[in-house]
Number of protein chains: 2
Amino acid sequence: MTEQTFRIAPATVSEGDAAGTGKCGRCAYRALCLPSGLSDRDLSLVEGAIGCRRRLARGDALFRAGQPFANLFAIRFGHVMTCRSDQRGERYITGFQMAGDLLGMDAIGNGEHASTAIALEDSEVCEMPYARLQRLMAEMPQLMEHFHRTMSQEILRDQSAIRFLGILRADERMAGLMLNLSARYAMRGFSPRRFRLRMSRDDMGRYLGLKMETVSRLLAQFRDLGLIRLDRRELEILDMRGLEALAAGARTEATS
Amino acid sequence: MTEQTFRIAPATVSEGDAAGTGKCGRCAYRALCLPSGLSDRDLSLVEGAIGCRRRLARGDALFRAGQPFANLFAIRFGHVMTCRSDQRGERYITGFQMAGDLLGMDAIGNGEHASTAIALEDSEVCEMPYARLQRLMAEMPQLMEHFHRTMSQEILRDQSAIRFLGILRADERMAGLMLNLSARYAMRGFSPRRFRLRMSRDDMGRYLGLKMETVSRLLAQFRDLGLIRLDRRELEILDMRGLEALAAGARTEATS
DNA sequence: CGGCTTATTGAGTGCGTTCAACCGGTGTGG
DNA sequence: CCACACCGGTTGAACGCACTCAATAAGCCG
């Protein structure tokens, strides 16, 4: 999850915009869901295939592991996380999603959702019936190609997570997460230096393969090193270079 | 990578069979690459889209990270592993592939291969030009659907790896790998109890997020517990239940 | 044979965990 | 209104798992 190379126009949009308009053609995150250079006719075809929008309150489940798969979802605004539990009931988090991100692709393979998607705050999603999407893709090769790319990028993201967990130290993982979120906010036109952590320390830990206590200690350490300022969940990155150096493997003497 | 739920007919094939025939219709691993219930006409269309076959000697690279993406590959026989390196040059292995497995899907997103595929022994693959495949999918919804499922399963596999690395102890990961290989050989009609480990201890370590020394110690421990018999790379599983118990979290007193 | 790669085993260290106490904000009921 | 509990988070002390460093062994190939 280190890099996320969606090429979205660096729009400076407020959260309200994306939700309000109702048509894909005007959606700020169109570049994520749809291929570029779609004709007006194709665009309206796609709009016709999109189902209803769904609002989620904080804590609501968009779908749960084991439920039959029918729809893909695109986040219009808000934040969602996807998590899974193994046999023992041990929970782990496979990703944090924000506006423009797609959800549900891991369910196509077996026809049922493998993970549970929980809203981290009040959010809204586009519901896209997969069957309809499929029919559309057969007619619109561009759309099919775009969809394949999106799935492939999901694979890349998961493989990056494997690197995270497999070979990085705890502080490198933590720095990597901060930078990942920062970059994704930047791509969406928000500040890469100041943002709110929507997830709990425990959620971060379950994502990074660390215990909550370790997450807390690392954040305190980053604060003491002057890398970040942190008030509850409000984060400000003070030394981006320093964080990058840390994520790249520099030891504690990393002030760049 | 715990579960791998390809539903392949439990054919009892020798390795020679798959390679010899030359037509998809007769390939023992057809159920992996192609949707079931394809008409003869569709089948020959698919066969026409498949490019040449390529032989790999042990150690050869099928493709390397950074190379432009053009083809997907299906393994006809042999074993391949996919690995990546991060900025520092730290290598990690994202998967071990065997006959019937598909390679290259992580390259669709960015148009270039993200990982390097190395043959672990002399192998042969089908080269499938992605562009042709795409055109075919537009005409054959079944094929498209099958392809989506395959990609989705790759996502599931990677997410299982995240669990592996994120929340499992070293011995649980090791046991999980043994069982994963075992199950995959069983699906292909080979013995689930006796098989050859095609990869080095170091490769296993880079896959499991462990050091080679740890892998070696764990294998010795499994041997001493009577779970396996091991002669160089020849593995025999003596106590499947015990291994499963270990993978499920039982502590050392796991003899089931 | 010597030189190489791959694997095994030992001893000691350190990172992240575990267990536990404590803190601060928020909500709730008396 | 305060007392209380509760949840999320912080911090401390000690433990243990997997790593590091290092020596040795076992195949393999020239």
Send over the distance from [X] [atom1] to [N] [atom2], rounded to a whole Å.
X: B/Leu218; N: D/dC17; atom1: CG; atom2: C1'; answer: 11 Å
X: A/Asp171; N: C/dT17; atom1: CG; atom2: P; answer: 12 Å
X: B/Leu165; N: C/dG16; atom1: CG; atom2: P; answer: 15 Å
X: B/Leu168; N: D/dC17; atom1: CG; atom2: C1'; answer: 14 Å
X: A/Arg206; N: D/dG9; atom1: CZ; atom2: C1'; answer: 15 Å
X: B/Gln221; N: D/dC17; atom1: CD; atom2: P; answer: 10 Å
X: A/Met204; N: D/dG9; atom1: CE; atom2: P; answer: 7 Å
X: A/Leu230; N: D/dG8; atom1: CG; atom2: P; answer: 17 Å

side-chain N/O [X] vs [N] OP1/OP2, d < 4.0 Å:
X: A/Arg223; N: D/dT11; result: yes
X: A/Arg217; N: D/dG12; result: no
X: B/Thr214; N: D/dC19; result: yes
X: B/Arg232; N: D/dA26; result: no

Just so I know, are the side chains of [X] and [Y] near enough to count as touching, which here means a heavy-atom distance under 4.5 Å?
X: B/Gln221; Y: B/Arg217; value: no
X: A/Met199; Y: A/Leu181; value: yes
X: A/Arg157; Y: B/Ile155; value: no

Looking only at side-chain atoms of [X], point me to the closest of [options].
X: B/Arg169; options: C/dT17, C/dA7, D/dA18; answer: D/dA18
X: B/Glu213; options: D/dC21, D/dG9, C/dT17; answer: D/dC21
X: B/Arg233; options: C/dG16, D/dA18, C/dA7; answer: C/dA7
X: A/Met212; options: C/dA7, D/dC19, D/dG9; answer: D/dG9

Mind checking [X] for me? I need base, sugar-phosphate or nothing, with any heavy atom below 4.0 Å counting as a touch.
X: B/Arg173; answer: nothing
X: A/Gly205; answer: nothing
X: A/Leu219; answer: nothing

Can any side-chain N or O of B/Asp122 pair as donor or acceptor with the backbone N or O of B/Arg58 at less than 3.5 Å?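 Indeed, once roles are kept as given, a pair shorter than 3.5 Å links the two residues.
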
From the list A/Arg229, A/Arg196, A/Arg193, A/Arg198, salt bridge (Lys or Arg N to Asp or Glu O under 4.0 Å) with A/Glu234 holds only for A/Arg196

